[in-house]
Number of protein chains: 2
Amino acid sequence: MANLKQLAHSLGLSITTVSRALDGYSDVSAATRARVREAAETAGYRPNASARRLRKQRAELVAVTLPSDPGHVGPPHFLDMLSGCAEHLAAAGLNLVIAPVPRGVSELEICQRFVDGRRVDAMLLVRTKRKDERVEYLQSRGIPFVTNGRTESLVPHPFIDGDGFAGFRAATLRFHAAGHRRIGHIAGPQEYYFAHVRRRGWQAAMEECGLAIDLCAEGAPLEQGGYLAALELLRQPSRPTALVCATDEMAIGALRALREVDGGSQISIVGHDDLPMGAFTSPPLSTMRMTGENLGATFASLLLRAIAGEPAEDLQELHAVEFVDRDSHRRPPLAA
Amino acid sequence: MANLKQLAHSLGLSITTVSRALDGYSDVSAATRARVREAAETAGYRPNASARRLRKQRAELVAVTLPSDPGHVGPPHFLDMLSGCAEHLAAAGLNLVIAPVPRGVSELEICQRFVDGRRVDAMLLVRTKRKDERVEYLQSRGIPFVTNGRTESLVPHPFIDGDGFAGFRAATLRFHAAGHRRIGHIAGPQEYYFAHVRRRGWQAAMEECGLAIDLCAEGAPLEQGGYLAALELLRQPSRPTALVCATDEMAIGALRALREVDGGSQISIVGHDDLPMGAFTSPPLSTMRMTGENLGATFASLLLRAIAGEPAEDLQELHAVEFVDRDSHRRPPLAA
DNA sequence: AGCATTCTCCAAAACGTTTTGGGAGTCAAC
DNA sequence: GTTGACTCCCAAAACGTTTTGGAGAATGCT
């Protein structure tokens, strides 16, 4: 309840001294410092955040835009990542605000609203697009930011991403080595960088193996999208014997399509993200995951370094993608 | 980039007049108001948020605490709810900050940190416990808040909740009517209100039917928890023929246990939450869901009304729980 | 003693906004 | 020509903090 003025008055000291004592400056004697700290403690004093922010010209806030399209903000573990990130930012005195994008408003506008009103010190961007107007805007304003996912921006910016190209290429080659020749891809919306790069990984492997790249269907990155895309591929005259899916959610949707069409045990399948749910599907879903501990913490750390002014080139993390061996990829490559 | 002083200077007006023109006060002439608005527009003026907050003694921020226990912040659709809520709060000039609770810190401490530092105008609480210290604290400080889930607090507070008791009672009675006599319950941690009330609903139905309430196992509200709890019930000498699960995630874990133990098609099962994933499990998961459109918007609306000072009694919403008929609940009640 | 140095402390300014309490000026009524 | 009402504007205070630029006293050094 108390503010600095009251605290100073009750101690017979000036506001300046109390403020500096609490901040641990050396120009206040150890004795007074202890006395001030003690008094602040018992009075339950907390500096008023708005006042500090105004004076220090820092918002102590970071915003993350949450895409509302396509109907779903992100993979289910996404909030865990945000939570981990917020936790580490909080240790540095920054709070994380979530900035959903209402229908009919562009993500760019939301960025502008936060940046131009000096409501945030930095931004977090997720679900990057290949050409991402948010990135361009933030670069032009010189606001620190980190993206989850790369973009095709010509000027470098900080990011964390998994090497989806290598992951999907490896998964496809693995199927090829197991004898599969009809390997399909269930792709996410290609304007997203992650979806595009995963598709390219699959495509590169197919071309290396001299296989046709006709078995590709695109859908929303959700169960339903994967389901519909899988049905589309299963209608082909020469069906796939294996499916590489852009996300676990799409893979889970595809699993249902497989069950409906061929009883579910004929076609191999692999997803990406390592959702906890994947261990409980039928069959348990083989998948891939970005390596690295605690994505949220890494995210926070990169952001703090970006705020501290480190150059973008030093703040780019491309993580390897590792295979998670469960069961769904182990079906024999029988022609349907 | 501009502030009020610069804007006023460039217009040859006082700061006061510019400020009041922008806020639409009637004591500035229509002509000047238009002129000011025009200039503000072209200068890209946005009031400095920190300054306004300091002056108005409002943080323009709302925090939601995110429990980090047990290893997972909430059901997968939880972020959608938060996002919807944040969107509606933003329309009222409030931003939503997420406040994760680090391991080793109590949720209460996090609340205090935000409230005592006047960092927020109100709070959102999720995953309420039967006896919730956060609720007691916020009530004692007189800070507006809304909980997602009821508590056993003696003094009323605003909440939104589903009628888990009625839902689980009805589900259990439905199984009884279908001929089941060994109906088990997979319960969540009983300190949580939602878990406790769902268990009581099952129990009430069992007692009404004169059935023993021995088939109950408790676990973490995740797939793994449901899996282990189901295994425990399936080890009983007299197995259940139907399972009522506290959450869909637990139900999905239980589905795997059923597949492992009896091939998966013998025992009926029903969950709660209506996760999108449930439509894609094998078999598709019958479940329950709280009725009502757009939970996030309702949440935001209650919060705004709480801030406006409406009494808690008027801000309590108990929603009916409706059954979602898929397939997993339709197994015949064969003794195992 | 005189001077520089060090140790404590503080008054005042600044951050950018909103709001209070008027102050001119105009106009109509008396 | 005074009064009152009304319109349009503004100076200054306030919100609570951090930081600048010293001031005063004590100490050390020559």
Side-chain angles (χ1 to χ4, degrees), chain A residues 1-37 39-40 43-61 93-95 113-121, chain B residues 1-37 39-40 43-61 93-95 113-121:
Chain A
M1 210 64 251
N3 61 18
L4 223 39
K5 178 148 55 167
Q6 290 164 22
L7 199 57
H9 184 76
S10 80
L11 282 163
L13 289 168
S14 75
I15 292 180
T16 310
T17 303
V18 175
S19 172
R20 296 181 75 80
L22 291 175
D23 276 7
Y25 281 74
S26 65
D27 68 352
V28 28
S29 72
T32 15
R33 183 159 49 222
R35 198 161 64 97
V36 169
R37 291 222 165 123
Y45 169 75
R46 309 267 169 184
N48 179 300
S50 303
R52 199 211 355 254
R53 298 203 255 243
L54 173 59
R55 172 62 227 223
K56 303 197 95 165
Q57 296 286 79
R58 291 199 279 100
E60 299 181 352
L61 249 34
L94 292 172
N95 286 123
R113 199 171 296 175
F114 277 90
V115 169
D116 291 342
R118 276 168 230 69
R119 308 175 94 82
V120 294
D121 299 321
Chain B
M1 208 64 252
N3 59 20
L4 224 38
K5 179 149 51 168
Q6 291 163 20
L7 199 57
H9 183 76
S10 79
L11 282 163
L13 289 169
S14 75
I15 293 181
T16 310
T17 303
V18 176
S19 172
R20 295 180 75 81
L22 292 175
D23 276 7
Y25 281 72
S26 65
D27 66 353
V28 26
S29 71
T32 357
R33 184 161 48 223
R35 197 161 65 96
V36 169
R37 291 225 166 118
Y45 169 78
R46 309 268 168 184
N48 179 299
S50 302
R52 198 208 359 250
R53 299 204 252 243
L54 172 60
R55 171 64 226 219
K56 303 198 93 165
Q57 297 287 76
R58 290 200 280 101
E60 298 181 352
L61 249 34
L94 292 172
N95 286 123
R113 199 171 296 174
F114 277 91
V115 169
D116 290 343
R118 278 167 231 68
R119 308 174 94 81
V120 294
D121 299 322

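Chain A is the first sequence line, chain B the second, and so forth, proteins listed ahead of strands; every chain is numbered from 1.
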Using a 4.0 Å heavy-atom cut-off, does B:Thr16 contact any base of the nucleic acid, only the sugar-phosphate backbone, or nothing at all? base
Checking B:Val18, B:Val36, B:Leu4 against B:Tyr45 for side chain to side chain contact (heavy atoms under 4.5 Å, CB included), the one that qualifies is B:Leu4
Nearest heavy-atom pair of A:Arg35 and A:Leu11: which atoms, and what distance? NH1-O, 3.5 Å
When every non-hydrogen atom of B:Ala8 is compared with those of B:Ile15, the smallest separation belongs to CB-N, 3.7 Å
For a quick check of understanding: with a heavy-atom distance under 4.0 Å over all strands, which category does A:Ser29 fall into, base, sugar-phosphate or nothing? sugar-phosphate
d(A:Leu61 CG, A:Leu94 CG) to nearest 0.5 Å is 8.0 Å
Give the minimum heavy-atom separation between A:Arg118 and B:Asn48, together with the two atoms involved. CD-ND2, 4.1 Å
Nearest-Å distance for atom pair CG/C1', residues A:Asp27 and D:dG22: 12 Å
Can you give me the closest heavy-atom contact between A:Asn95 and B:Arg119, atom names plus distance? OD1-NE, 3.7 Å
Contact check, residues 47-59 of chain A vs DNA chain C, heavy-atom distance under 4.0 Å, returns A:Leu54, A:Arg55, A:Gln57
Could you tell me the boundaries of the chain B footprint on DNA chain C, defined by atoms under 4.0 Å from its heavy atoms? C:dG16 to C:dT20
To check you understand the geometry: which heavy-atom pair defines the closest contact between A:Arg20 and A:Tyr25, and what is its length? NH2-CD2, 2.8 Å
B:Ser14 side chain near D:dC10 phosphate (N/O to OP1/OP2, under 4.0 Å): yes
Which heavy-atom pair separates B:Ala59 from B:Arg53 by the least distance, and what is that distance? O-CD, 2.8 Å
Hey, which sits more toward the 5' end of DNA chain D by its nearest nucleotide, B:Arg33 or A:Tyr25? B:Arg33
Classify A:Ile15 by what it touches in the nucleic acid, base, sugar-phosphate, or nothing, heavy-atom distance under 4.0 Å. base
